[in-house]
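Everything on this sheet refers to the single structure shown next.
Position 1 is the first residue of the sequence, and the numbers go up from there. Whatever order the structure lists them in is the order used to number ligands and atoms, beginning at 1.
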Amino acid sequence: MATLATAPNSFHRVPHPAPVPAASRAQAIADPGFGKVFTDHMVTIDWEEGRGWHSPRIGPREPLSLDPASAVLHYAQEIFEGLKAYKLEDGAMALFRPDANARRFNASADRLAMPNLPEEAFIEAIRQLVLADREWFPTVQGGSLYLRPFMIATEAFLGVRPAKQYKFLVIASPSGNYFKSGAPAVSIWVSRDYTRAAPGGTGAAKCGGNYAASLVPHAEAVSKGHDQVCFLDAAEHKYVEELGGMNLFFAFEDGSLLTPPLGGTILPGITRDSLITLAREEGLTVREEPYAFDQWRADAASGKLVEAFACGTAAVVTPVGTVASHDGEFTIGSGGPGQTTQRLRDKLVSLQRGIAEDKLGWVTRLD
Ligand SMILES: Cc1ncc(COP(=O)(O)O)c(C=O)c1O
């Protein structure tokens, strides 16, 4: 099978006939919000059985032409990633742990019976796009270029089996704050009626189907005035798992931290993993243990729990202020950002922005 050449010059460049004019672009990137504005280009790589990955190219971002029988449209054979390009203090563009995203992408591919993409190809595809669209970097304070690599099954076939043709694509979206309100703390709704992922399911994979299934519980949370939905485990409806798009941490009065363990039903967040490392480096005890929702409420009431925060690429580190469920509502600590949350957030952000020394080799400079 042909191996994919991933040297920068192996990406064919398709010239853009009509990029967005500079004045419109400047307006779009001044306050882009999240996920609404898109850059001029996209990367595409094709795969087919017997040939492997081929034809890497970067060209204008444009609608896809798909056969209506494409497997992705019927059986949701689709996976994606989410990561950001940051601007370092010296003006260089950089990615944060893109190798971890590449590995998780392949773990998702394995679970969805899709082909693996070589890690170097994943990173090179992103590098090509960020450098082509660097003028799209948002001017808003704290902005970044959000990158969305994804893979879809394109074979036209209605039988239920893994497809024999796929497309890998990367698009980019200038982004500001994830939360509309830019609130100092989020309020979450713990779902009683819905679960996100069961043991043996696809909870650890970043596949579109997981998110489709979370839309109704998320809408329920929003309709009750909350920012995010929090899922409990599917087997017992007892243990806290994660939010719709973020992992959770709990900080206790003895200085220790707890986060739900990776057992196949929650997404192994790269922010989660980075924070565990940074906290342990500081000498904090971090336990990866199940945490019952009743215990959470009791610990918040007794004052044993002093902070809780959500984390992820989009939301970075965001304090959880209030928690509501069918049984009522409770507040954590002061209801706003606590010291540990703030300190860990600052540590992470200063690494991502090239302010702190990158001792762990997490920052990949792109130019
Ligand atoms: C369900 C879910 N959990 C957790 C995360 C956090 O993962 P990461 O830190 O890699 O962004 C995300 C998203 O990005 C997510 O969609």
Contact partition for Lys206 relative to ligand 1, non-hydrogen atoms under 4.0 Å: side chain
Against heavy atoms of Gly312, which atoms of ligand 1 measure under 4.0 Å? 6 (C), 9 (O), 11 (O)
Ring geometry between Phe122 and Phe168 (parallel below 30°, tilted from 30 to 60°, perpendicular above 60°): tilted
State plainly whether the residues Arg343 and Asp346 are in salt-bridge range, i.e. N to O under 4.0 Å. no
Answer yes or no on whether Arg196 is positioned over the face of Tyr194, meaning its NZ or CZ is under 6.0 Å from the six-membered ring centre and within 45° of the axis. no
Enclosure of Glu288 CD (heavy-atom neighbours >12, cutoff 6.0 Å): yes
Flag for Thr202-Asn210: side-chain donor and acceptor within less than 3.5 Å: yes
Any atoms of ligand 1 less than 4.0 Å from a non-hydrogen atom of Tyr211? List them with their elements. 1 (C), 2 (C), 15 (C), 16 (O)
Quick one: nearest non-hydrogen protein atom to atom 11 (O) of ligand 1, plus distance? Thr313 OG1, 2.6 Å
Atoms of ligand 1 under 4.0 Å from any heavy atom of Arg196, numbered from 1 in the order shown, are 1 (C)
Tell me, which protein residue and heavy-atom name are nearest atom 2 (C) of ligand 1, and how many Å apart are they? Glu242 OE1, 3.4 Å
Just jot down the ligand 1 atoms closer than 4.0 angstrom to any heavy atom of Arg104, in number order. 7 (O), 8 (P), 10 (O)
Quick check against the 3.5 Å criterion: does Arg104 have a side-chain atom that pairs as donor or acceptor with the backbone of Pro268? yes
Pair Ser256-Arg287, side-chain donor/acceptor within less than 3.5 Å: yes
Atom 5 (C) of ligand 1: which protein heavy atom is closest, and how many Å away? Gly245 O, 3.5 Å
Identify the protein heavy atom lying closest to atom 7 (O) of ligand 1, giving its residue, its atom name and the separation to 0.1 Å. Gly269 CA, 3.4 Å
Take every heavy atom of Ala100, measure it against each atom of ligand 1, and state whether any distance is under 4.0 Å. no
Among all protein heavy atoms, pick out the one at the shortest distance from atom 9 (O) of ligand 1; state its residue, atom name and that distance to 0.1 Å. Thr271 OG1, 2.5 Å
Where does the angle between the aromatic ring planes of Tyr291 and Phe250 fall among parallel (under 30°), tilted (30 to 60°) and perpendicular (over 60°)? tilted
